[in-house]
Structures are given as C-alpha cells and as structure tokens.
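Before any comments, here is the structure.
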2 protein chains.
Amino acid sequence: MPAATISRLSIYSRCLAQLEISGIDTISSHELADRTGINPAQMRKDLSYFGQFGKRGVGYKTSELNKNILKILGLDHEWKVAIVGAGNLGSALSGYRGLKEHRFIVSAVFDSDKSKTGRYCGTVRVSSMDEVKDVVAREGIEIAIIAVPAEAAHWVANQLVAAGLKAILNFAPATLIVPEDVKLRNVDLSIELENLSYFLTNKDREATVENA
Amino acid sequence: MPAATISRLSIYSRCLAQLEISGIDTISSHELADRTGINPAQMRKDLSYFGQFGKRGVGYKTSELNKNILKILGLDHEWKVAIVGAGNLGSALSGYRGLKEHRFIVSAVFDSDKSKTGRYCGTVRVSSMDEVKDVVAREGIEIAIIAVPAEAAHWVANQLVAAGLKAILNFAPATLIVPEDVKLRNVDLSIELENLSYFLTNKDREATVENA
DNA sequence: TAGATTGTTAATCGATTAACAATC
DNA sequence: TAGATTGTTAATCGATTAACAATC
C-alpha cells in the first residue's frame with residue numbers, strides 16, 4: 001500500500017465529516033472525488049486495501065464510511081501526546097484547537113529549562129525533562145512532538161526513545177536518527193520555503209518551456 | 001522533473017554546507033549518498049535536470065556545487081516573508097532562527113485584531129490586515145505564511161492573493177483555494193499525527209504480514 | 001429490468017535505481 | 001595507463017488511473 005494512501009484517508013475522513021454535518025448521508029466515489037480533488041478510482045483503490053465499504057450502484061454511507069476510516073487510522077479513541085519545548089512553538093502547538101478536535105490530547109509539556117517547570121502551557125503544567133520517563137508511563141503517552149531548537153533535538157529524541165515512545169513528530173530543523181521501530185516524521189519549514197523559492201525563481205522559465 | 005527533486009536539493013545543500021565547514025572540499029555522489037541516505041544515482045539524476053556540476057573520476061567541489069544548488073533553488077539572495085497571525089504560532093515562526101539562516105527575512109507580521117497593531121513580534125511591528133497590500137508592495141514581500149485559525153484562513157488567503165503574492169505557506173488546518181498561478185503549500189499537523197496514529201495502530205499487524 | 005456505482009484487474013504513467021560509456 | 005566517478009540511458013519498481021465485470 002502506498003504511504004500516500006494514509007494521508008488521503010485523513011482527507012476523505014474530513015470531507016465525510018463535513019458531509020455528515022450537511023446532512024448528506026450517501027455519497028459516491030465520484031462526488032467525493034469532486035470535493036477532495038482526488039481521483040475516484042484512487043479513492044476506491046485506497047479503500048480496497050482495507051475492505052469493502054460501499055454498495056454497488058449506490059455509493060457509501062457517509063457516517064459509516066467515516067467510522068470505518070477513523071478505525072483504520074486508529075482514531076476511534078484518544079491519543080495522549082507530549083510536547084517537548086515550552087517556547088513559542090511548543091506553546092502554539094499545545095494551544096492548537098485542532099489537536100483536541102482530532103482527539104489528540106496534550107497530556108504533558110516538557111522543557112529542559114528547569115526555571116519553566118511548574119509554569120503552565122495552556123492548561124498543562126510544564127514538567128522537567130528529568131521526568132519524561134515517569135510522566136510518559138504514568139499518563140500513557142504514546143506520541144511526542146519535538147518543538148525545541150535544532151541543537152537540543154537529538155538529545156531530546158534520545159530521551160523520548162529511552163522513555164519508550166514509538167512515534168515522534170519533529171518540528172526542529174535537525175536530522176534525527178532513531179531506532180527503526182520508532183516512527184519519525186519531520187516538518188521542515190525551511191524545505192517548504194525553499195520549494196516556494198524555487199517556484200518563484202523558475203515559474204517563468206517553466207511556463208516558457210511548457211508553452212514551447 | 002519530479003517535485004521531490006526540489007526537496008532533495010535542499011537536503012544536498014545542507015549536507016554540502018556542513019561539509020564545507022568540516023573543510024572537505026571534494027565529494028563523490030556516493031559519499032554524499034551515505035550522508036543523506038539518498039541513492040547516489042538519484043542524486044546525480046536530480047542534478048542532471050539542471051546541468052553538469054561534477055568532474056568524472058573526481059567528484060564535486062563542495063562549495064561550488066552548493067553555490068549552484070542554492071542558485072537553482074533561488075537562494076542566492078534574500079526573500080522577504082510576511083507572517084499573518086500574531087498569535088502563538090505566528091510569534092513562534094517570526095522568532096524562528098532557521099528563517100534568517102536560510103535568508104528568509106520576516107519583514108512584516110499582520111493580524112486582523114487591531115488591538116495588536118503596533119505591538120512587536122520579535123523585532124517586527126504588527127500591522128493591521130488593512131495594510132497588507134501597501135506593506136507587501138513597499139517591503140517587496142513575495143512569500144506569506146498563514147498562521148491564523150482555520151476559520152480566518154480563507155479570507156486571509158484572498159487578501160494575500162489580492163495583494164499580489166504568488167507563494168503561500170499555510171499552517172492553518174483549512175483547505176484553501178487559490179488561483180493556479182499561486183503556489184500554495186500546506187503544513188497539516190493533524191495529518192502528520194494521523195499518520196503516526198495509523199502506524200501505532202497497525203505496526204504489529206504489518207510486522208506480522210511482513211514476517212509471514 | 002435499466003441505470004448506477006462499486007471493487008478490482010489491467011494499463012499507464014512517473015519516479016527511482018542500475019548499468020555503463022564517457023572521461024577525468 | 002589504471003582506477004574512479006560522472007552523466008545519462010535503459011530497466012525496474014511502484015503508484016495512479018482507466019476500464020469493466022459484478023451487483024445493488
């Protein structure tokens with residue numbers, strides 16, 4: 001199964017949730033394709049990796065399909081999340097409403113600066129990095145988000161791995177090395193901007209080539 | 001040319017910059033592959049879309065190759081960036097050191113909440129959304145980063161397009177529609193987390209399938 | 001039944017990688 | 001020259017999409 005299938009499932013799920021709200025209770029792959037910009041065959045293929053969810057000649061029940069997708073994605077229950085770094089970015093993330101809406105609960109915020117311990121990031125008390133192992137175990141945290149400066153990121157990742165975490169989302173501009181049973185995803189602001197920079201620099205040339 | 005080539009160029013560039021610092025002035029595609037985890041043929045192919053930068057039998061001059069890549073990416077000069085949203089996320093982004101290091105200069109911060117106008121986000125004065133067009137033109141801003149809540153994102157995107165911006169990086173959890181000459185890239189925290197959720201939910205099953 | 005739409009196979013498309021002639 | 005490494009072609013691999021039989 002392509003890795004991109006998972007990201008698309010998230011997109012279908014969001015679209016279905018909106019349709020549910022609009023009171024539309026049946027939808028075809030073609031209609032859903034129109035709304036998401038994803039090819040209808042692609043959508044059916046993506047679903048086919050996991051089972052059969054529609055009725056031939058009819059389509060899909062929006063709420064039923066969404067429930068199935070959420071189950072596939074492991075979103076049929078809450079996930080407890082830790083944020084590491086109580087600086088601007090950590091604060092922004094811990095206050096991000098989208099997290100709770102998608103049932104990701106910020107259950108701990110860590111910072112290595114002990115002067116921050118005991119302060120609050122939104123409603124969550126900041127803990128010292130010494131406590132990572134204890135807090136992760138006690139709270140049942142399974143996902144960590146790294147929001148520290150590049151220099152600190154690798155040390156933080158090691159601490160998180162040592163605490164038993166298997167899923168890390170990294171916002172620090174650093175290349176982290178983790179054991180292969182740990183799933184690491186990177187969000188790299190600079191690479192995003194460099195893509196835009198390339199586009200701005202080359203769009204005229206590309207347009208010319210396309211027209212030629 | 002694959003879109004992924006551009007992201008890989010960013011990675012090569014970073015690796016080359018490190019090598020320069022280490023005083024290594026020549027490198028082969030194979031060595032660079034070892035350091036980046038990217039296949040050496042891939043790297044040579046990526047470069048081949050843009051020209052010939054190496055010497056057969058020898059390799060690449062690190063500083064020369066990096067200069068060429070930076071030129072290709074449009075990183076041989078500064079880019080002025082506007083951040084929209086002076087909340088937690090906007091503040092975090094405008095204080096992000098990586099931006100200046102990569103020659104992205106935060107030249108304006110906008111917020112539609114006029115009570116914030118005149119405050120400072122780091123060293124940058126917060127402007128009202130009414131001023132977008134003027135400030136963008138005056139400062140020569142070409143890239144905008146959206147860091148507002150989902151509800152406001154589409155209105156903001158419209159304002160930015162109206163102000164003539166052609167490159168937008170969107171952190172808001174909303175699907176934006178922009179004219180096709182505008183390059184839009186999305187950073188979606190929830191999709192990242194949902195990928196991790198899928199992994200945590202299914203890794204045992206997958207491991208079993210692979211072993212079977 | 002006729003029309004519609006799924007689930008899935010087969011075809012296409014595109015991206016990655018291997019292989020190797022060119023050449024330093 | 002012999003060894004090394006590029007630049008590029010050809011082969012492979014994988015993902016997307018078209019097509020269609022199954023069936024509601």
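Throughout, protein chains are lettered first and strands after them, A, B, ... in sequence-line order, and every chain is numbered starting at 1. All values reported here derive from a predicted model rather than from experimental measurement.
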Neighbours of DNA chain D within residues 19-29 of chain A, by heavy-atom distance under 4.0 Å: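 Here the set is empty: none.
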
Give the residues of residues 31-49 of chain A touching DNA chain D, defined as any heavy atom closer than 4.0 Å, sorted by residue number. A:N39, A:A41, A:Q42, A:R44, A:K45

Would you say B:Y60 reaches C:dC24's phosphate, i.e. side-chain N/O to OP1/OP2 under 4.0 Å? no

Can you tell me the base-pairing partner of D:dA19? Count Watson-Crick or G-U wobble geometry only, both distances below 3.5 Å, and say none if there is no partner.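 Paired with C:dT8.
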
Is there a Watson-Crick or G-U wobble partner for C:dG14 with both distances under 3.5 Å, and which nucleotide is it?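 Base partner found: D:dC13.
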
Any side-chain heavy-atom pair from B:F171 and B:L93 closer than 4.5 angstrom? yes

Is any side-chain heavy atom of B:I11 closer than 4.5 Å to a side-chain heavy atom of B:M43?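 They are not in contact (no side-chain heavy atoms under 4.5 Å apart), so the answer is no.
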
Indicate whether the side chain of [X] and that of [Y] have a donor and an acceptor atom separated by less than 3.5 Å.
| X | Y | value |
| --- | --- | --- |
| A:N195 | B:S7 | yes |
| A:E139 | A:S107 | no |
| A:N66 | A:S13 | yes |

A:V148: which of A:I83, A:V156, A:N170 passes side-chain contact (heavy atoms from CB on, under 4.5 Å):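 Single side-chain contact (heavy atoms from CB on, under 4.5 Å) partner of A:V148 among A:I83, A:V156, A:N170: A:V156.
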
When you get a sec, tell me which of C:dT5, D:dA15, C:dA15 is the closest nucleotide to the side chain of A:P2? D:dA15

Which whole-number value in Å describes the distance from [X] [atom1] to [N] [atom2]?
| X | N | atom1 | atom2 | answer |
| --- | --- | --- | --- | --- |
| A:K61 | D:dC24 | NZ | C1' | 13 Å |
| A:H30 | D:dA19 | NE2 | P | 14 Å |
| B:R56 | C:dT23 | CZ | C1' | 6 Å |

To the nearest 0.5 Å, tell me how far A:F53 CZ sits from A:L47 CG.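 Result: 6.5 Å between the selected atoms.
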
What is the distance from atom CG of B:D25 to atom CG of B:L65, rounded to the nearest 0.5 Å? 12.5 Å

Are the charged groups of A:K55 and A:E64 less than 4.0 angstrom apart, N to O? no

Residue met sooner reading DNA chain D from 5', once B:G51 and A:A3 are mapped to nucleotides: B:G51

